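A quick note: this is a predicted structure, and the numbers were derived from the prediction, not measured.
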Amino acid sequence: MKILINKIFISSLTIACMACTGNYIDINSNPYQPNDLTADDYALGAAMNNLAGCVVSADVNTAQFTDCLLGGPAGGYFADSNSGWANTISMYNAKDDWTRVFLKSDRIIPILYTNLNTVNRISTSTNNSVAMAVAQIIKVAAMHRITDTYGSIPYSKIGEDGSITTPYDIQKDVYYSFFDELDAAIQTLLKNKTISLSPSADYVYGGDLSKWIKFANSLKLRLAIRIANVDKDKAEEETQKAVDPKNGGLIETNQDNAKWDYFKTNPNPLYTATRYNQPEGCETGGDTHAAADIILYMNGYNDPRREKYFVKSEFSGQDYVGLRRGIIVPASSITRQYSGVNLKPTDPIYWMNAAEVNFLRAEGKAVYGFNTGDKQAKEYYEEGIRCSFEQWKAEGIDTYLNISDAYIGYYSDPGVPENSYYMKLTDIAVKWNEGASPEEKQERIIIQKWIANWILGNEAWADYRRTGFPKLIPASPNGNKSNGIVNSLKGARRMPYPQD
C-alpha cells in the first residue's frame, strides 16, 4: 500500500504543480490577446488556487488521512476496509504519522501561508484588497478544521513560511480571530462588490464576490453555533452579524453552495483515496467503504438520496449495507461486499451547502433562542431538507418530511455476524414536532444536517462532539484498542499533538 500511495502521491503532486503553475498561462490568457496578463496576474491566480487546495487538500495522500481516515470515520460516514491496518484512528490506536497530518503535513499549513503571503504582496503592490479578503476567508475555512481537530493551535504567530514552531493560541482566541478576520473580509468585499476575480483564479465562485460574502457569513454562522454551548453571548453576537441582511446575506440556495470545482482534468482526491487497493472487478471501493451508521439511518427513513450517496452492496437482496467502524477489519473478499462511496472523479469538493445553513438557523432558533431570521425553526428545518433533496436531485420530499415514526438501530452484519450491534440508536422521526423539548429538536435537526452534509466528515465529527448527535454505533469491544483512553460510546474527542 505504501508503494502505491507514494506512486500516486508523486504523480498527483506532479499533476497538481502542472495544473497550478506549469500551464497557468494557458488557462488564464485571453486567446485573442495572449500577452494581456502580467506576471502578477499569473502569480495571483496560482496562489489563489493553491489556497483553495488547503481546505480539503488536492493531494490524495493528505486528503485520505484528513477526510477518509479521520473525519469520515469519526463522523459516521466512512469505514476503514483494509485488513492490513493494525493501527487506525477508528480503533483509537493510530500512530503519529496518521494523527499529525492536519498540523504537520507540508501540503496544508506551509502551502496555505506561503500563498497567503504571495496574495498579500500582490494585493499591496496593486492597491487591490479584494483578493486578500477572499484569501482570508479561505484561510478560516481551512484552519477551523485544524483547531477543531486538536484544540489549541499555532495561529496568530505562524511564520510567513507556515512554520508552526511558535507559541500556540488557546482555541477561544483562535475562534475570536476567525470572527474578526471574517468581519474584515466581508466589509472589504462589500465595499468592492463591482470588482471580480478572474474565473480561472476562482474555481469556487468563478470570481463572483457576492457569493464569497455569503459564504463568509455562512461560515461565521457555522462557527458561532459551534461555540454556543461554551460561549453563548459571543455565539449570539456573531450569529446576529451573520444573519443581518446588510452584511451581504447567507447561502440560501444551492446556486450559492461553496464547492471547489477543480477536477475536470485532475481527479477528485477523495474519489481516488476511497478506491485505493480496490479489488479487480469490484465497484464498491478499496480502503474505504460507506459506514454502517449513515446507511442504518437512511435505510430507517427509506431515504431517496441513498442511490446518490452509495454504491450498492454485493450482498444478495440488500442494496445498501454499511461496514461497522472500529472493528477488526475482515479480509477484502468480505469488505468488498459492503456499500461503497458514490463519487465520480470529476465531482467537486463541497465546503458548505444551503442545507447546512438552514439547519444552523433552525438550531440557533429552536435550541439556543437566537434570532436567526424571519422564519420559524420548523421552516428552516424543512427548507434544509428540501435544499438537500434538490442538491442531490432526489424525489419524494413531501413523503419524507411527513415520516412520523422511526426505529433506527439493530445493525445486522451479513459479512461478519459478530460485528452486529443489536441496540436501538434513536426513534427520532423526520417530521417536525413543535411540542418537543429543545434536546429532541436538536437531535432531529442534527440528524438531518448530518445526512445532508454527506462526505463532510470533519463537520459531522465536530457536531457529534458538540451535541452527542447523531447517536452512532460504538467501536466493537475488540475494535477499541485505546487501552481505556477512549470511551467507545463517545468516540475520539481530539487528535493527539504530533510527538515532535
Parallel under 30°, tilted from 30 to 60°, perpendicular over 60°: which one fits the rings of [X] and [Y]?
| X | Y | answer |
| --- | --- | --- |
| Trp260 | Phe263 | perpendicular |
| Trp450 | Tyr77 | parallel |
| His144 | Phe178 | perpendicular |

Cut-off 3.5 Å, side chains only: do [X] and [Y] have a donor facing an acceptor?
| X | Y | value |
| --- | --- | --- |
| Asp256 | Tyr205 | no |
| Asp180 | Tyr175 | no |
| Asn87 | Tyr92 | no |
| Asn254 | Asn257 | yes |
| Ser156 | Asp169 | yes |
| Thr88 | Ser90 | no |
| Asp287 | Asn277 | yes |
| Ser57 | Asp59 | no |
| Thr147 | Gln171 | yes |

SB check [X] [Y] (cutoff 4.0 Å):
| X | Y | result |
| --- | --- | --- |
| Lys246 | Asp244 | yes |
| Arg466 | Glu363 | yes |
| Asp293 | Arg325 | yes |
| Arg222 | Asp463 | no |
| Glu181 | Lys220 | no |
| Glu379 | Arg386 | no |
| Arg465 | Asp148 | no |

Can you confirm whether Asp161 is buried at CG, in the sense that more than 12 heavy atoms of other residues, nucleotides or ligands lie under 6.0 Å from that atom?
yes

Between atom [atom1] of [X] and atom [atom2] of [Y], what is the distance when rounded to the nearest 0.5 Å?
| X | Y | atom1 | atom2 | answer |
| --- | --- | --- | --- | --- |
| Leu44 | Ile122 | CG | CD1 | 5.0 Å |
| Met143 | Ile158 | CE | CD1 | 4.0 Å |
| Ile295 | Tyr320 | CD1 | OH | 9.0 Å |

What are the two closest non-hydrogen atoms of Leu112 and Leu51, and how far apart are they?
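That closest heavy-atom pairing would be O-CD2, 3.2 Å.
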
